[in-house]
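Below you'll find the structure, written out as structure tokens, and then a few comments.
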Amino acid sequence: MHGSHTSGSPYAPHTAEDRTAMLEAVDAETVEDLFDIPDDIRFDGQFDIDARTERETRRLVRSVLGRNDDRTELLGRGHYGYYIPSLVDHLADRSEFLTSYTQYQPEISQGFLQALFEYQSLLVELTGLEIANCSIYDAATALGEAATLADRVRDTTGHRVLVPELLREERKSTLANYVAGTDLAVEEYPVDDGNVDLAGLEETVDEEVVMIYAETPTVRGTIEERLGAIGDLAADADAFFVLGSDPIALSLLERPADVGADVVVGDASVLGLPTSYGMGLGLFATSEDYLRQVPGRLVGVSEDATDRRAFTLTLQTREQHIRRERATSNICTNQAWVALRTAIHAAVLGPSGMVELAKRAVTRAEDLAERVDDIVGVQAPVHDRRHFREFVARVDQPASAVADDLEQLGFAVHVVGNHEIQVCVTGVPDVQLDRFVAALEGVIR
Amino acid sequence: MHGSHTSGSPYAPHTAEDRTAMLEAVDAETVEDLFDIPDDIRFDGQFDIDARTERETRRLVRSVLGRNDDRTELLGRGHYGYYIPSLVDHLADRSEFLTSYTQYQPEISQGFLQALFEYQSLLVELTGLEIANCSIYDAATALGEAATLADRVRDTTGHRVLVPELLREERKSTLANYVAGTDLAVEEYPVDDGNVDLAGLEETVDEEVVMIYAETPTVRGTIEERLGAIGDLAADADAFFVLGSDPIALSLLERPADVGADVVVGDASVLGLPTSYGMGLGLFATSEDYLRQVPGRLVGVSEDATDRRAFTLTLQTREQHIRRERATSNICTNQAWVALRTAIHAAVLGPSGMVELAKRAVTRAEDLAERVDDIVGVQAPVHDRRHFREFVARVDQPASAVADDLEQLGFAVHVVGNHEIQVCVTGVPDVQLDRFVAALEGVIR
Amino acid sequence: EYEPLLSEKDLTRVDIGDGDNGDGGESTDSPLPDDLTRDSLELPELSEPELARHYTRLSQMIYGIDSGPYPLGSCTMKYNPKFTEDVAALPSAAVHPDRSEASVQGTLELLYRLQDYLGRIGGMDAVTLQPPAGAAGEFVGIRVAAAYHEHNGEGHRNEVIVPESAHGTNFASAALGGYDVVSLPSDDEGRVDLEALEAALSENTAALMLTNPNTLGLFERDIAEIAEMVHDVGGLLYYDGANLNALLGRARPGDMGFDVMHYNVHKTFATPHGGGGPGAGPVGVVDELAPFLPSPRVRKRDANSKTGKPVYERFEPEHTIGKVHGFDGNWLVLVKTFAYIARLGDEGLADASASAVLNANYLAEQIDYEIPYGPFHHEFVASAGEQDAADVAKRMLDYGVHPPTTKWPEIVPEALMTEPTEIESKDTLDRLAAAFNAVADEDADTLEAAPERTTARRIDQTSAARNPRLSWQALADDS
Amino acid sequence: EYEPLLSEKDLTRVDIGDGDNGDGGESTDSPLPDDLTRDSLELPELSEPELARHYTRLSQMIYGIDSGPYPLGSCTMKYNPKFTEDVAALPSAAVHPDRSEASVQGTLELLYRLQDYLGRIGGMDAVTLQPPAGAAGEFVGIRVAAAYHEHNGEGHRNEVIVPESAHGTNFASAALGGYDVVSLPSDDEGRVDLEALEAALSENTAALMLTNPNTLGLFERDIAEIAEMVHDVGGLLYYDGANLNALLGRARPGDMGFDVMHYNVHKTFATPHGGGGPGAGPVGVVDELAPFLPSPRVRKRDANSKTGKPVYERFEPEHTIGKVHGFDGNWLVLVKTFAYIARLGDEGLADASASAVLNANYLAEQIDYEIPYGPFHHEFVASAGEQDAADVAKRMLDYGVHPPTTKWPEIVPEALMTEPTEIESKDTLDRLAAAFNAVADEDADTLEAAPERTTARRIDQTSAARNPRLSWQALADDS
């Protein structure tokens with residue numbers, strides 16, 4: 001709508017007059033003269049992408065995304081959709097947060113640095129470990145970084161990284177890519193009724209093991225019962241014990257530091273983000289022993305020239321922009337703004353709210369399992385374990401048919417076996433759970 | 001979720017500990033002791049209003065409002081729904097704007113004062129009059145205030161306020177309430193083919209007339225052609241000429257100052273607000289002759305103690321909080337934040353965008369009238385005038401049946417006569433207008 | 001720090017008409033003949049990034065409720081829950097006011113339920129949501145009273161009695177309604193002087209307007225007697241809802257004998273003030289006055305819809321005074337009001353008042369300034385004594401807090417009218433008290449030089465009024 | 001001004017377990033046995049108003065793009081259109097990644113169309129949207145190259161060549177992929193030294209990573225020859241998309257001979273940087289490399305749905321390297337990217353580059369610092385000469401603008417790497433130049449004492465690193 005501006009980018013403010021004056025100042029006839037590109041590789045085609053008004057663009061995106069069907073998602077398996085308090089959006093959307101760069105000039109970035117420092121502190125309390133970084137991309141990449149950290153700091157000649165056989169395939173594959181440039185090899189250890197098969201794990205552990213990874217709750221929603229023993233096994237083998245979890249689970253379940261975890265990874269965006277098609281926030285906490293080997297950004301405290309407390313990015317000599325190929329990671333852009341959202345969401349909940357959500361994750365999942373189990377033709381939970389948020393149910397009919405039928409009724413569930421579906425309560429109001437039970441009953445009958 | 005807080009208002013931060021300490025400090029046993037209310041009128045019942053979580057409350061409102069049917073609104077008649085650029089929401093929603101009070105402490109309110117000053121300046125340019133206030137509630141109440149202003153400043157013994165017979169009933173009624181406490185009486189003058197019947201008006205004007213009100217565009221979408229003559233009539237009778245319009249129309253149509261308008265009123269929220277069920281922003285501009293009699297808030301320029309330019313509310317001695325029953329109006333809370341939105345929206349459009357929108361209001365309305373006129377059984381426009389945004393069409397069938405049928409097809413239009421519908425193009429994309437023409441054709445056939 | 005005016009960044013003249021391009025201006029073809037159009041339009045033409053920075057910078061020069069405490073007595077500035085913005089922004093909330101009843105059942109249902117909520121909260125029988133602000137509500141009350149008296153053949157009643165400590169709008173609204181305002185002095189304890197009231201009441205009394213608790217925060221203990229006195233002469237009792245946040249769940253205007261009242265939704269139900277508005281001033285009345293309320297109101301039909309849902313419709317009260325707004329008032333504000341009440345419920349509303357009263361009493365206890373009248377509820381009026389109250393306020397700005405309302409009500413010399421509301425924590429109240437007390441210890445010179453740490457220093461009000469420059473055009477002419 | 005930590009406002013300990021309430025802590029019944037739970041959780045417990053004020057205050061201590069110019073060379077900070085936030089916030093954008101393909105056709109369509117857009121813009125045949133940031137994109141490129149060579153029986157290739165002036169992530173990503181990094185010196189004119197390149201290339205070369213224009217803003221004019229040289233030894237040519245905003249509509253990496261590239265969507269397509277992320281680093285490749293891209297990608301089925309709409313599906317590339325993210329990357333960022341491209345179209349994108357290049361050249365012309373290399377495009381690297389570039393940056397803060405990137409690339413002594421982008425107006429560039437030039441005239445003492453007008457004064461980096469305190473817990477232990 002800038003009538004006196006040249007057409008083109010709506011976000012370039014130049015008037016025709018400005019442009020003329022500027023070209024004169026740089027002694028060029030046209031803007032094209034400023035491009036020093038040999039003719040033979042100059043692009044003279046078109047992208048064939050239409051320009052649109054803001055309103056038309058909004059309508060386009062709304063119409064494309066409008067093709068997504070509305071479903072009550074009883075989905076989890078590592079990704080959860082809690083209700084996001086309105087305050088989170090309103091504060092995180094303040095443009096100073098949203099539109100600022102990494103805090104290389106801390107004197108004009110104190111607010112964001114403090115928020116990230118508080119985020120780190122939240123993770124320190126949740127994990128009991130001394131150090132948490134500002135973020136890795138997501139749970140899978142955080143797991144990958146944990147393995148390369150293990151590779152850097154463990155003195156052993158070993159190369160084996162052990163993960164549970166039930167680990168999500170995506171996490172396993174991401175881990176494999178992260179260790180592809182090292183000597184590490186990813187191997188699986190057996191699982192027993194959802195949880196770690198401790199005897200089986202013990203059998204496979206040897207001095208070649210550099211890292212043991214376990215999750216709680218597991219991908220099947222079971223709460224791991226022998227974390228301390230896994231930690232001991234790892235310690236005995238001089239291997240890293242890396243534990244996967246998330247902030248809500250950590251509010252209630254055993255504190256990682258108490259079970260010997262060297263690193264905690266996971267998706268912290270269970271607080272702060274809606275489901276967002278899998279977008280996440282890689283939680284990464286570890287012991288202060290590995291301070292100078294940690295990947296990612298760290299915010300620390302210092303003083304300014306007037307001796308007032310001030311925050312700053314610190315230990316940057318670990319990072320790629322300084323250490324280049326000897327950096328502790330290649331990460332540069334991370335998930336800082338998501339970390340801010342997570343910190344605000346956690347602050348809105350407070351410790352009582354977080355513990356309450358965690359307790360409800362247990363009681364609501366177990367209650368729902370009981371109700372589902374009452375349906376003839378369904379057994380739930382299939383694992384004789386305590387559950388968090390979700391559980392696997394056995395259905396007499398083919399699971400995919402059951403899921404398809406439920407989908408027609410507006411419910412999305414996981415299919416995790418020929419006769420197994422998985423159901424998660426997170427973010428689903430009680431009234432919808434009631435409807436789900438009724439729907440499942442109808443589908444099974 | 002504030003576990004350590006007492007239950008009650010989620011926005012009261014008191015911990016139980018705080019409360020105890022505070023009660024002790026004020027030497028009270030319980031909070032109830034602080035209420036000095038005689039027993040006989042103490043309320044011991046319940047409102048029977050359930051408390052809800054934030055999420056439940058959002059769901060409630062969404063579900064209630066979800067009962068509104070989705071319609072393409074071809075509606076106008078003084079209230080219009082332009083597309084609001086995203087920037088307007090993002091900036092106006094910044095909490096400093098949204099949550100601040102009237103600028104009684106200008107030293108910490110410079111930003112809002114400047115924005116309102118810029119809003120006033122926008123209206124000054126649009127109207128050509130020297131003074132615009134910060135806002136009246138809406139077009140109807142602005143009209144009411146114009147009449148009381150006329151009553152205060154005109155020396156005549158007269159009492160007649162003349163309005164067009166086609167004026168929206170709601171505006172007429174509001175005006176009648178505003179003048180109920182004065183000697184003024186509201187009378188109608190005739191209209192000819194949508195516009196002022198100049199001869200008829202001339203006939204009714206006498207020395208008893210205090211004010212003549214006209215609108216352009218009119219409620220039927222016609223552009224008034226003889227504004228200068230109306231202004232002359234008013235001037236000759238020593239009466240106020242009050243003109244009703246809006247910022248987009250004023251971007252293109254004759255400048256009120258050039259046709260002798262003493263006051264311009266109207267709905268400025270055609271920029272800045274979505275349709276909002278009739279919520280508005282009363283535009284009020286007048287000549288500097290009436291400076292000390294203007295109703296509403298005014299922002300002026302001054303200097304601070306360091307001689308820097310600074311903004312402040314000014315001429316407050318006109319206002320109720322100082323002058324009480326001798327104030328120029330009873331207005332206190334006004335529509336300041338809407339004025340901010342309008343100012344931002346106008347700034348996003350710029351003069352070229354505003355003129356462009358105004359021109360499109362003419363061309364699109366007249367184009368649509370032509371297309372509608374091509375339908376057998378429809379004549380449009382019924383008025384042989386130039387049109388702005390909207391027009392009246394004559395339909396052979398009963399208008400209410402046509403409107404009902406259109407409603408079933410998803411279109412809302414006005415019924416303005418037994419065989420007259422009124423149709424407005426504002427905010428309706430071209431593709432929807434195409435669909436409307438097809439729908440109307442189908443309905444009429 | 002200083003942000004130029006938009007007009008100082010750019011002014012572009014767009015010529016209307018058919019191609020006659022003036023000096024530097026733009027021009028485009030006009031679809032209208034010259035005699036129907038203006039010549040040109042000259043306004044700033046700036047890009048989105050430039051505008052984003054302009055308004056972001058302006059916002060940073062404003063103290064809002066999210067900046068810190070805002071203890072403006074009687075103005076009741078409290079935290080505005082963010083989620084209410086979300087629900088008001090729902091696309092389904094944006095409908096045209098001329099839509100058919102059948103197609104806006106959601107809007108009508110919300111209005112109906114809000115009428116109902118407000119009726120219960122105020123103890124009133126019928127409610128209109130049309131008045132777009134508190135003062136507009138007062139005016140509706142005055143108009144309703146006038147119509148009622150007129151209807152009863154008592155059109156001669158030409159006086160409205162208002163306590164001298166009442167809000168300025170009471171006087172102005174009564175005057176706008178054509179009434180003579182009779183000012184009522186307070187008694188020694190800061191309440192309505194019953195003898196003076198007796199003297200003021202007559203067969204010409206149309207109404208008495210009261211705030212309760214009054215602007216000193218004191219509950220008018222004699223309210224039952226006052227009501228009887230007013231009713232005995234045939235007058236009506238009007239409740240100014242500005243201070244209702246003091247009483248939620250403890251007392252209701254309807255139960256006290258009030259016949260008509262307005263609600264200030266931003267004061268009581270936490271809708272944002274927006275730097276001056278929009279507000280909403282719903283009016284509640286007893287059954288007798290319901291036929292006179294503005295039109296339309298919303299009611300539920302006897303029969304439900306085919307789908308079993310209740311059906312809502314607009315209706316015109318029998319003796320309606322008509323309209324006081326072109327449509328149905330400030331809808332978006334009403335949505336936020338509804339959401340706030342639905343969120344808090346009985347318990348939350350009652351706690352809001354309890355906490356507000358506790359906060360006022362606690363804060364009063366911490367400050368060094370004398371507070372002549374009590375016991376007060378949600379607000380108190382301290383006296384700055386030998387200090388100038390306006391200077392005290394300016395100096396408080398330097399301590400990073402918003403000052404109280406000053407110099408009013410005049411019954412307290414150099415008044416500091418203070419209302420912390422329920423949203424302040426004990427810590428914040430302690431900080432606020434520290435600011436009061438720091439200023440209390442300072443000398444007149446310091447106060448007169450204040451503020452020193454704000455965006456602008458003390459602004460000269462006199463020169464602003466003496467040489468009014470109310471637009472950038474005036475500023476350009478001036479220089 | 002100083003804002004306390006949340007933990008300094010409150011710390012509340014919530015005990016887990018069955019009723020054993022410690023000193024001051026809260027306790028509630030646990031649904032789990034003791035041995036599966038922690039003992040307690042101690043965190044701040046604050047109300048919504050308190051939190052609103054905390055984070056509002058924090059935000060006010062941050063300089064963002066809406067605060068003013070942000071000429072960070074190579075970091076490309078440009079205005080983030082607000083409407084892209086609105087579309088990313090649509091409820092229909094919030095779906096779980098494990099939803100069935102049939103039920104998320106909208107999401108898949110958007111991803112497909114974005115793949116297509118990016119392919120056209122980069123001149124690439126196939127695109128993956130999975131990498132969650134630019135560096136992750138580089139890593140994918142490296143892994144794809146490795147898989148390609150491995151597949152062709154050339155797993156012995158163990159070297160990646162990187163110009164010494166390249167972004168640090170290039171080195172780190174290659175190293176993470178297990179490669180030996182061969183650093184390539186620049187020639188006298190600041191471009192790739194062809195002789196040095198010749199010397200570095202060998203049968204062990206897996207890839208050459210290049211930015212074009214390079215970090216000096218110079219176009220690598222010999223790019224066709226470079227491509228031939230690399231391809232001749234069987235290596236691949238990688239394009240670091242950090243500087244793509246210089247070339248839109250003027251040249252495409254695919255046309256220059258690049259085999260694989262990443263896009264930095266926040267740099268080129270204006271998604272917000274969010275104080276460090278999230279970003280997205282889609283990777284485009286030529287047909288030959290497409291089978292190695294991460295899984296899943298999205299394609300259109302041959303047959304449409306019953307309603308005639310195209311049907312989209314996920315698929316696994318034949319020789320995929322697998323996953324580099326747990327799901328499909330930073331979805332919300334991808335939505336904003338799509339919206340930005342769809343808004344600008346061909347003409348807008350081309351204008352963005354033209355205006356960015358014009359702005360850089362104009363700004364360079366206005367500043368007093370020497371600029372050793374040219375002709376440059378979207379950015380230039382000035383030298384602070386005798387001044388310390390980092391000090392220059394700190395002093396620029398005092399003039400209310402964000403400084404350029406400093407001390408890098410090292411080829412320019414005391415580098416001031418400056419990139420204004422297309423969003424700055426001539427007026428803003430003049431203001432920015434004035435800030436540069438004011439600092440250029442100042443002495444070392446002034447510079448070392450800077451900044452003076454910022455929220456915090458110069459911060460001691462050394463002590464932060466020497467005594468790392470990375471949490472409020474550490475701070476409490478420390479005091």
Who among B:Asp258, B:Ile344, B:Asp50 has the most heavy-atom pairs with chain C under 4.5 Å?
B:Ile344

Atom group of C:Pro31 that falls short of 4.5 Å from chain B, counting heavy atoms:
both

In terms of heavy-atom pairs under 4.5 Å with chain C, which of B:Ala132, B:Pro38, B:Ala327 leads?
B:Pro38

Do C:Ser67 side-chain atoms and C:Ile65 backbone N/O form a donor-acceptor pair below 3.5 Å?
no

When the 4.5 angstrom heavy-atom criterion is applied to B:Leu298 and chain C, the contacting part is side chain

What part of C:Asp346 lies closer than 4.5 angstrom to a heavy atom of chain B: side chain, backbone, both or neither?
both

Hey, is the main chain of C:Arg99 close enough, under 3.5 Å, to the side chain of C:Ser103 for a donor-acceptor pair?
no

Taking the six-membered ring for Trp and the single ring otherwise, decide whether the centroids of C:His325 and C:Trp331 are under 6.0 Å apart.
no

Residue selection (most heavy-atom pairs with chain B, distance under 4.5 Å) from C:Asp328, C:Leu218, C:Asp39, C:Leu247:
C:Asp328

Bottom line for C:Asn330: the part with an atom under 4.5 Å from chain B's heavy atoms is both

Contacting region of B:Thr275 [heavy-atom separation from chain C under 4.5 Å]:
both

Would you call the rings of C:His273 and C:His266 parallel, tilted or perpendicular if under 30° counts as parallel and over 60° as perpendicular?
perpendicular

Is B:Ile223 in contact with chain C via its backbone, its side chain, both, or neither, using a 4.5 Å heavy-atom distance?
side chain

Taking every heavy-atom pair that is under 4.5 Å apart, which of B:Tyr11, B:Phe112, B:Phe311 has the most such pairs with chain C?
B:Tyr11

Engaged part of C:Leu90 at the chain B interface, taking heavy atoms whose separation is under 4.5 Å:
side chain

Quick check on the 6.0 Å ring-centre criterion: do C:Tyr70 and C:Tyr63 meet it?
yes

Which region of C:Leu110, side chain (C-beta onward) or backbone (N, CA, C, O), has a non-hydrogen atom less than 4.5 Å from a non-hydrogen atom of chain B, or is it both or neither?
both

So, for B:Tyr277 and C:Phe327, is the gap between ring centers shorter than 6.0 Å?
no

As an exercise: rank C:Gly249, C:Ala339, C:Ala449, C:Pro403 by heavy-atom pairs under 4.5 Å with chain B and give me the winner.
C:Gly249

Go through the steps to decide whether B:Glu54 and C:Arg343 satisfy the test salt bridge (charged side-chain N to carboxylate O under 4.0 Å, His left out), and finish with yes or no.
CA-CA 6 Å; B:Glu54 178 181 299; C:Arg343 170 89 172 90; 5.1 Å; no

Please flag which part of C:Glu365 lies under 4.5 Å from any non-hydrogen atom of chain B: side chain, backbone, both or neither.
side chain

Using side-chain heavy atoms (C-beta onward) and a distance below 4.5 Å, is B:Ile49 in contact with C:Ile341?
yes

May I ask you to name which of B:Asn177, B:Leu122, B:Leu123, B:Thr141 has the most heavy-atom pairs under 4.5 Å with chain C?
B:Asn177

Looking only at heavy atoms and a cut-off of under 4.5 Å, which of B:Val301, B:Leu340, B:Thr306, B:Val26 has the most pairs with chain C?
B:Val301

Looking at C:Lys78, C:Glu424, C:His377, C:His54, which makes the most heavy-atom pairs under 4.5 Å with chain B?
C:His377

With only heavy atoms counted, which part of B:Glu407 is less than 4.5 Å from chain C, the side chain, the backbone, both or neither?
side chain

Looking only at B:Leu34, B:Asp18, B:Val338, most heavy-atom pairs under 4.5 Å shared with chain C are made by B:Leu34

Between C:Ala465, C:Ala175, C:Gly322, which residue shows the highest count of heavy-atom pairs closer than 4.5 Å to chain B?
C:Ala465

May I ask you to name which of C:Asn264, C:Thr405, C:Asp255, C:Leu344 has the most heavy-atom pairs under 4.5 Å with chain B?
C:Leu344

Look at the aromatic rings of C:Phe139 and B:Tyr178 and report parallel, tilted or perpendicular, splitting at 30° and 60°.
tilted

Would you find a donor on one side and an acceptor on the other, under 3.5 Å apart, between the side chain of B:Asp138 and the backbone of C:Gly326?
yes

Side chain, backbone, both or neither: which part of B:Leu60 has a heavy atom under 4.5 Å from chain C?
side chain

Please confirm whether the backbone N or O of B:Gln335 pairs with a side-chain atom of B:Ser135, one donor and one acceptor, at under 3.5 Å?
yes

Heavy-atom pairs under 4.5 Å with chain B: which of C:Gly276, C:Gly178, C:Gly64 has the most?
C:Gly276

Turns out that what part of B:Ser329 lies under 4.5 Å from chain C's heavy atoms comes down to backbone

Under a 3.5 Å threshold, yes or no: a donor from one side chain and an acceptor from the other, between B:Ser302 and C:Ser463?
yes

Where do B:Asp48 and C:Arg120 land on the salt bridge (charged side-chain N to carboxylate O under 4.0 Å, His left out) test, with the steps shown first?
CA-CA 8 Å; B:Asp48 287 328; C:Arg120 296 191 218 181; 5.1 Å; no

Polar contact flag, side-chain donor to acceptor under 3.5 angstrom, C:Thr107-B:Asn68:
yes

Which atoms of C:Arg469 are under 4.5 Å from chain B, going by heavy atoms: the side chain, the backbone, both sets, or neither?
both

Where on C:Ala102 is there a heavy atom nearer than 4.5 Å to chain B: the side chain, the backbone, both, or neither?
backbone

